[in-house]
Amino acid sequence: MIDLRSDTLTKPCAEMIKAMAAATVGDDVFGEDPTVNELESFAANYFGKEAALFCSSGTQTNQIAINVHVQPGGEVICHEESHVYKYEGGGIARNSGASVRLLRGDRGRITAAEIEKYMNPIHDVHFPLTQLVSIEDTANRGGGAVYDFNEILKIKEVCLANKLPLHLDGARLMNALAVNGIDEKVYCAPFDSISVCLSKGLGAPIGSILLGSADFIVKARRVRKVFGGGMRQAGFIAAGGLFALKYNVDRLIHDHSHAKLLEIGLKKCDWVADIMPVETNIVVILLKEPNKRDDLIQALAQHGIKVIAFGPGMIRMVTHLHITKEDIDFVCNAITQIDLS
Ligand SMILES: Cc1ncc(COP(=O)(O)O)c(C=O)c1O
């Protein structure tokens with residue numbers, strides 16, 4: 001099977017497993033796991049933040065950050081299809097008692113102008129207090145769209161002027177950085193908190209890192225415990241994350257070029273109505289006949305190719321470290337043989 005459903009499907013390579021098995025561990029809730037400590041200080045230094053916290057998932061890092069920034073009754077501004085809102089089980093309401101202001105944006109990205117327009121007036125008691133702006137880079141629902149860094153700087157200006165913290169769901173931050181070429185520390189500077197997934201394109205089996213100021217991470221560590229996320233000998237999995245950050249970043253450009261090749265191949269198929277511009281490792285297509293989506297998924301499966309439904313008439317394909325150039329050639333050939341009429 002060529003499995004293009006998600007970059008979360010990757011399994012650790014032999015070297016990563018070796019590093020994990022050899023990890024020195026301790027009780028991380030006591031702060032005594034040397035490998036977790038090493039990962040946290042490596043990540044903080046790498047991204048230019050004061051501190052980091054190793055967590056079980058990207059959902060957990062996002063939800064912890066939101067909980068630290070927002071009070072019950074407050075409001076989070078984010079894109080209407082952002083992961084923090086759409087795919088985290090209503091966690092903003094459930095965990096933090098906050099509401100959301102959802103912005104339309106463009107391919108999963110929001111702008112400083114929109115944020116300014118839709119922030120609630122602070123002195124009018126009718127409205128919940130706007131307390132956080134959250135953006136996603138790359139934007140999953142935008143087909144892996146990458147933010148223009150200048151827009152991020154403008155968003156930061158609006159946040160500063162209105163005393164709002166800025167959170168980044170950087171589940172695929174390394175994919176964004178591979179495209180925009182901006183130095184990690186420069187890119188991360190405007191954000192008050194950042195979630196980075198180690199278990200997507202980077203290929204670790206488990207884990208995400210939350211980054212921020214030392215004070216923010218002290219608060220986040222408490223919330224992680226309350227959310228049931230205090231782990232004990234977590235060094236075994238942290239070692240996979242360390243390996244991923246050290247050795248699996250440079251190869252992301254191959255996933256991006258594979259996605260581009262898929263885009264070129266898909267453009268030749270008469271059943272494709274539209275393809276979101278491919279910028280990173282995600283390819284989202286819209287079918288000419290939306291009700292043929294499941295037929296397409298089945299037809300691809302018959303060729304040994306797995307893809308995922310991504311909404312009405314839409315499918316998503318994601319390239320990752322198990323997908324080779326030969327796999328892409330195979331897929332590009334197989335799709336020419338599919339007749340959806
Ligand atoms: C943009 C984005 N943010 C956050 C997450 C959550 O990560 P996890 O699956 O580790 O909870 C995902 C997962 O796919 C994602 O795509």
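We count ligands from 1, going down the list as the structure has it; atoms in each ligand are counted the same way.
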Result for side-chain contact (heavy atoms from CB on, under 4.5 Å) between His167 and one of Ile194, Thr61, Asn62 points to Asn62
Contacts of Ile308 meeting side chain to side chain contact (heavy atoms under 4.5 Å, CB included) (sequence neighbours excluded), chain-then-number -> Arg5, Arg316
Legend entry - Student check: side-chain heavy atoms of Phe310 and Arg141 closer than 4.5 Å: yes
Within the heavy-atom cut-off of under 4.0 Å, ligand 1 is lined by Ser57, Gly58, Thr59, Asn62, His83, Glu88, Glu136, Asp169, Ala171, Arg172, Cys197, Lys200
**OP:** Verify, without hydrogens or angle tests, whether Ser96 (side chain) and Ala98 (backbone) share a donor-acceptor contact under 3.5 angstrom.
**Re:** no
Side chain to side chain contact (heavy atoms under 4.5 Å, CB included) filter on Asn291, not counting sequence neighbours, yields Glu289
With sequence neighbours left out, the residues meeting side chain to side chain contact (heavy atoms under 4.5 Å, CB included) with Ala23 are Val25, Thr35, Phe236, Ala239
